[in-house]
Amino acid sequence: MGFLTGKTAIITGAGRAVLSDGRCGSIGYGIATAYAKEGANLVITGRNGKKLEDAKEELERLYGIRVLTVQADVSAGADNQAVVQKVVDLAVETFGGIDVLINNAQASASGVTLADHTTEQFDLAVYSGLYAAFYYMKACYPHLAKSKGSVVNFASGAGLFGNFGQCAYAAAKEGIRGLTRVAATEWAKDGINVNIVCPLAWTAQLEQFSNAYPDAFKANVHTPPAGHFGDAELEIGRVCVQLASPDFKYMTGETLTLEGGLGQRP
């Protein structure tokens with residue numbers, strides 16, 4: 001039994017994706033796997049229903065936990081508060097409460113310069129990332145206060161370092177960083193620890209990009225100082241598990257940057 005047995009975690013953007021060697025191929029699914037190994041029951045969301053069902057089948061079969069899948073998309077023009085509240089209500093109805101919220105979901109039109117970015121492309125990043133984190137945090141707050149739970153949000157080096165062609169993505173991620181710090185300040189009195197991770201992971205999307213466009217990959221994607229990209233489950237997922245531990249309450253409000261598995265607090 002893991003130390004999260006009996007706990008419930010909501011993980012957004014956690015549909016199943018795998019690398020060519022069979023390892024977890026997305027950050028969300030890597031986190032879900034790491035949490036499943038510690039016995040947590042999971043509520044996973046995403047836009048692709050099949051990927052969610054594939055994740056549910058594998059996680060329940062391999063680790064004996066329960067997984068609730070909810071197809072949900074925070075986007076411009078939608079009643080996003082209702083979309084998110086439905087996820088939270090189903091989580092509480094199914095498992096009785098919420099102990100961990102992980103805001104991982106994010107879509108963007110990377111590679112488009114600021115001058116060429118459309119309003120629709122900007123909305124895609126801001127709604128799927130920043131607004132989603134905002135709505136989920138508000139909806140989960142009373143349940144997290146009751147459980148003295150944890151929030152783990154995701155930002156990116158794109159905002160920290162101003163990556164070319166990622167204006168909307170960087171703006172959304174920097175907004176999430178600010179939102180996280182404010183929540184850490186306001187919610188500490190409630191016993192909720194709030195942290196943010198800036199990962200650099202080897203994912204199925206990155207693997208596909210490297211295979212399809214090797215020259216562009218070499219020119220634009222640089223290996224971290226540790227000499228390898230972070231493993232979605234063993235490094236990023238395990239960090240998220242650790243941030244849900246009572247031993248990490250003192251880290252409330254910190255920014256954790258993962259450089260190929262090395263954690264640094266800038």
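On a predicted model such as this, the values are computed, not experimentally measured, just so you know.
- Formation of a donor-acceptor pair under 3.5 Å by the T185 side chain with backbone atoms of R181 is found in this model.
- In this structure, M137 and A183 approach most closely via the heavy-atom pair CE-CB, 3.4 Å.
- With a 4.5 Å cut-off on side-chain heavy atoms, K173 and Q166 do not count as touching.
- In terms of heavy atoms, Q71 sits closest to R47 at NE2-O, 2.8 Å.
- Other residues, nucleotides and ligands contribute over 12 non-hydrogen atoms within 6.0 Å of the CG atom of L62.
- Under the 4.5 Å side-chain criterion, counting only non-hydrogen atoms from C-beta, H143 is not in contact with T8.
- Hydrophobic clustering of Ile, Leu, Val, Met, Phe, Trp and Tyr side chains at less than 4.5 Å, counting indirect connections, unites L130 with V87.
- In the hydrophobic clustering of ILVMFWY residues, with side-chain heavy atoms under 4.5 Å counting as a link, V151 and F95 come out together.
- V182 and V197 are assigned to two separate hydrophobic clusters, defined by single-linkage of ILVMFWY side chains at heavy-atom distances under 4.5 Å.
- For the residue pair E53/T69, the side-chain donor-acceptor check at 3.5 Å is satisfied.
- Atom OH of Y135 has more than 12 heavy atoms from other residues, nucleotides or ligands within 6.0 Å.
- The closest donor-acceptor contact from the side chain of D190 to the backbone of I192 lies at 3.5 Å or more, if one exists at all.
- Counting only heavy atoms from C-beta outward, the side chains of V83 and D73 never approach each other to under 4.5 Å.
- In this structure the side chain of V126 reaches within 4.5 angstrom of the side chain of Y131, judged on heavy atoms.
- Here the SG atom belonging to C198 is positioned 8.0 Å from the CZ atom belonging to F161, to the nearest 0.5 angstrom.
- Considering all non-hydrogen atoms of both residues, A55 and A14 come closest at CB-O, 3.9 Å.
- The two atoms that bring L42 and A36 nearest to each other are CD1-CB, 4.4 Å, heavy atoms only.
- Q106 contributes atom CD, which lies 11.5 Å from atom CG of N153 (distance to the nearest 0.5 angstrom).
- Judged by distance alone, the side chains of Y29 and E58 do bring a donor and an acceptor atom under 3.5 Å apart.
- Between N41 atom CG and L68 atom CG the span is 10.0 Å, to the nearest 0.5 Å.
- The backbone N or O of V152 lies less than 3.5 Å from no partner atom in the side chain of N195, so there is not a single donor-acceptor pair.
- Side-chain N/O atoms of S150 and N193 include a donor and acceptor closer than 3.5 Å.
- For T45 (side chain) and V70 (main-chain N/O), no donor-acceptor pair under 3.5 Å exists by modelled atom type.
- Hydrophobic clustering (side-chain heavy atoms under 4.5 Å, transitive across Ile, Leu, Val, Met, Phe, Trp, Tyr) groups I196 together with W187.
- Contact detail for K56 and V67: the closest heavy-atom pair is NZ-O, 2.6 Å.
- Rounding to the nearest 0.5 angstrom, the gap separating the CD atom in E235 from the CZ atom in F229 is 12.0 Å.
- Residues I236 and A201 approach most closely at CD1-CB, 3.4 Å, considering heavy atoms.
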Should R238 and E38 be marked as a salt bridge (Lys or Arg N to Asp or Glu O under 4.0 Å) after you check the CA-CA gap, both sets of side-chain angles, and the distance that decides it? CA-CA 10 Å; R238 293 305 303 177; E38 290 296 337; 3.0 Å; yes
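- Counting non-hydrogen atoms of other residues, nucleotides and ligands closer than 6.0 Å to CD of Q81 gives a total of 12 or fewer.
- Hydrophobic clustering places L90 together with L101 (ILVMFWY residues linked when any side-chain heavy atoms are closer than 4.5 Å, directly or through intermediates).
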